[in-house]
Protein chains: 2
Amino acid sequence: MHERRYDRAGTCVPRLPAQAPGPRPTTPRRARSAAISEARRIPEATVARLPLYYRALLEMTDQALSTVSSEQLAELAGVNAAKVRKDLSHLGSYGTRGVGYAVAALVDEIARELGLTHDSPVAIVGLGNLGHALANYHGFGARGFRIVALVDADASKVGERVGELTIEGIDDLDALVADREVAIGVIATPAAAAQEVADRLVAAGVGSILNFAPAVVTVPSGVSLRKVDLATELQILSFYQQHRMPAALGADAPGLRDPRPRAGVT
Amino acid sequence: MHERRYDRAGTCVPRLPAQAPGPRPTTPRRARSAAISEARRIPEATVARLPLYYRALLEMTDQALSTVSSEQLAELAGVNAAKVRKDLSHLGSYGTRGVGYAVAALVDEIARELGLTHDSPVAIVGLGNLGHALANYHGFGARGFRIVALVDADASKVGERVGELTIEGIDDLDALVADREVAIGVIATPAAAAQEVADRLVAAGVGSILNFAPAVVTVPSGVSLRKVDLATELQILSFYQQHRMPAALGADAPGLRDPRPRAGVT
DNA sequence: GCCTGTGAACCTTTTCACAGCA
DNA sequence: TGCTGTGAAAAGGTTCACAGGC
């Protein structure tokens with residue numbers, strides 16, 4: 001009764017190498033993998049770092065720097081040089097041996113890969129403290145995204161103005177998603193409402209959801225889902241704080257751009 | 001000049017298996033790893049899931065359920081059963097074969113591992129939109145954490161009341177961290193200020209930092225750091241939206257507690 | 001019969017190390 | 001000489017499948 005049905009999809013982003021149905025009784029479960037190919041598949045871990053590189057490169061552009069080495073970019077992005085090279089190699093060759101990467105070309109390429117060359121319409125559902133903050137947060141709406149709708153179930157909030165938008169009722173969700181071609185739904189409701197909101201967003205045609213509610217939300221296979229859980233983050237920190245990590249080991253941070261030798265406190 | 005110095009620590013949480021200094025020229029770089037042992041090391045990935053289990057188990061407690069199978073817990077937490085069993089096995093044996101796990105005992109054990117048996121004092125630095133939202137966000141301060149200070153560099157904000165606290169000036173940071181034994185610092189400042197705030201928090205003795213600013217921040221080895229970057233999350237979603245993932249593959253979500261067959265929309 | 005605990009297989013990600021090109 | 005691009009090795013994480021206890 002529970003033979004297949006791997007979850008996962010409900011946890012992050014649609015997972016490519018998921019199991020083909022038909023689990024084999026013993027070890028030899030493979031059989032697919034050949035034809036998936038799709039030549040330029042970019043690993044999930046790399047995708048998650050592209051935004052970091054993108055931000056770092058934009059800073060360089062502002063400073064009118066035209067080329068950058070993997071080492072420099074690594075420092076700005078807070079990763080290591082080997083990773084930068086491997087990651088960028090997945091995009092194709094935008095570097096020149098002995099020189100580095102052309103900043104402008106790389107910015108363009110990453111923007112294209114991330115789909116930032118056009119704005120994606122975003123709807124925020126739930127306008128409590130967090131929803132308000134997200135709606136106003138400059139830089140959340142920036143660069144490749146445009147908040148086009150604010151939705152709340154609370155009738156007393158409907159009509160309220162937030163920034164340039166007016167809060168609308170949840171009953172208008174369907175129409176509004178369709179009209180404004182909302183691509184990404186942000187859930188900032190209480191936990192109890194999160195799943196239902198997700199269902200409605202998906203039903204209305206939204207293809208990606210960012211969930212801030214402290215609840216597990218699941219979506220059908222075609223839909224992307226990511227979550228940001230503040231309490232969880234604190235708890236993870238708490239774990240490491242308590243288990244005062246082995247002390248030794250745990251390499252030092254790279255040092256970023258400023259010559260700060262090692263950051264205060266000795 | 002850059003032989004060792006792996007960054008990483010600046011990116012997430014203190015990383016155990018980081019390189020021992022003294023990188024060997026060729027392959028045989030090992031030499032440590034033996035004595036690290038520490039018998040009950042819990043893998044990073046498992047630590048990141050403990051909060052999920054914890055939340056799910058608390059819900060079960062509310063419903064007066066006394067035992068839970070890995071399968072049930074998996075569904076509530078949005079992961080799969082094998083992972084649940086593996087994860088919990090790292091905590092020791094809290095399950096009974098043929099029966100399941102004792103909810104109460106498990107809650108206690110996870111709370112202890114995560115250090116939630118006592119409240120950790122939290123300071124929020126930067127009270128713009130996001131900082132305000134975090135300060136008010138119920139559930140952010142809940143369960144194992146207590147916000148004990150709000151700090152902002154803007155003199156015009158100092159003295160303003162937010163919930164039960166009053167915003168204090170950044171010059172008081174040192175004293176206030178020491179007095180109230182702040183363990184976790186939350187950075188909700190503009191990107192440009194993030195590194196300096198982190199430095200000051202560390203210098204004042206804070207051991208863990210949660211960074212919301214869209215900037216790379218680095219900290220010395222002993223300090224834990226996690227980041228939450230809203231723009232990054234959107235960009236990752238944008239990538240998957242654009243590359244309309246292979247469609248096939250990508251297993252369905254588990255279905256959560258309600259019998260919703262597959263979530264609306266078919 | 002049922003469900004945990006776990007070795008082993010598998011897959012992904014990271015890191016190393018160096019060939020190859022400007 | 002300097003830095004990218006990349007095979008290969010290592011580490012980490014996930015999933016399978018089943019032994020073993022209730």
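Just so it is clear: chains get the letters A, B, ... in the order the sequence lines come, proteins before strands, and each one is counted from 1.
- Closest approach to the Arg85(A) side chain among dG5(C), dC18(C), dT15(D) is made by dC18(C) (side chain taken as heavy atoms from C-beta onward).
- dT4(C) atom C1' lies 13 Å from atom CG of Leu106(B), rounded to whole Å.
- Taking the salt bridge (charged side-chain N to carboxylate O under 4.0 Å, His left out) definition, one finds that Arg85(B) meets it with nothing, sequence neighbours left out.
- Residues that satisfy the side-chain hydrogen bond (donor to acceptor under 3.5 Å, both in side chains) test with Arg112(B), not counting sequence neighbours, are Glu109(B).
- In terms of phosphate contacts, Ser70(A) brings a side-chain nitrogen or oxygen within less than 4.0 Å of OP1 or OP2 of dT4(D).
- One interatomic measurement links the two molecules: CG of Leu91(A) to C1' of dT6(D), which rounds to 15 Å at whole-angstrom precision.
- Side-chain N/O atoms of Tyr94(A) include none lying less than 4.0 angstrom from OP1 or OP2 on dT4(D).
- Position along DNA chain C of the nearest nucleotide to Arg97(A) versus Val99(B) favours Val99(B) as the more 5'-ward residue.
- For the pair Lys83(A) and dT13(C), the criterion of a side-chain N or O lying under 4.0 Å from OP1 or OP2 is not met.
- Contact record, Pro51(B) with Ile236(A): CG-CG1, 4.1 Å, taken as the closest heavy-atom pair.
- At least one side-chain heavy atom of Glu113(A) sits under 4.5 Å from a side-chain heavy atom of His243(B).
- Rounded to an integer number of Å, the gap from Glu71(B) CD to dT4(C) P is 9 Å.
- Listed nucleotides dA8(C), dC22(D), dT13(C) differ in distance to Pro43(A); the shortest reach to its side chain belongs to dT13(C).
- Residue Arg49(B) has a polar side-chain atom (N or O) positioned under 4.0 Å from OP1 or OP2 of dT14(D).
- dT14(D) atom P lies 7 Å from atom CG of Asp87(B), rounded to whole Å.
- Between Asn80(A) and the phosphate of dT15(C), there is a side-chain N or O to OP1/OP2 separation shorter than 4.0 Å.
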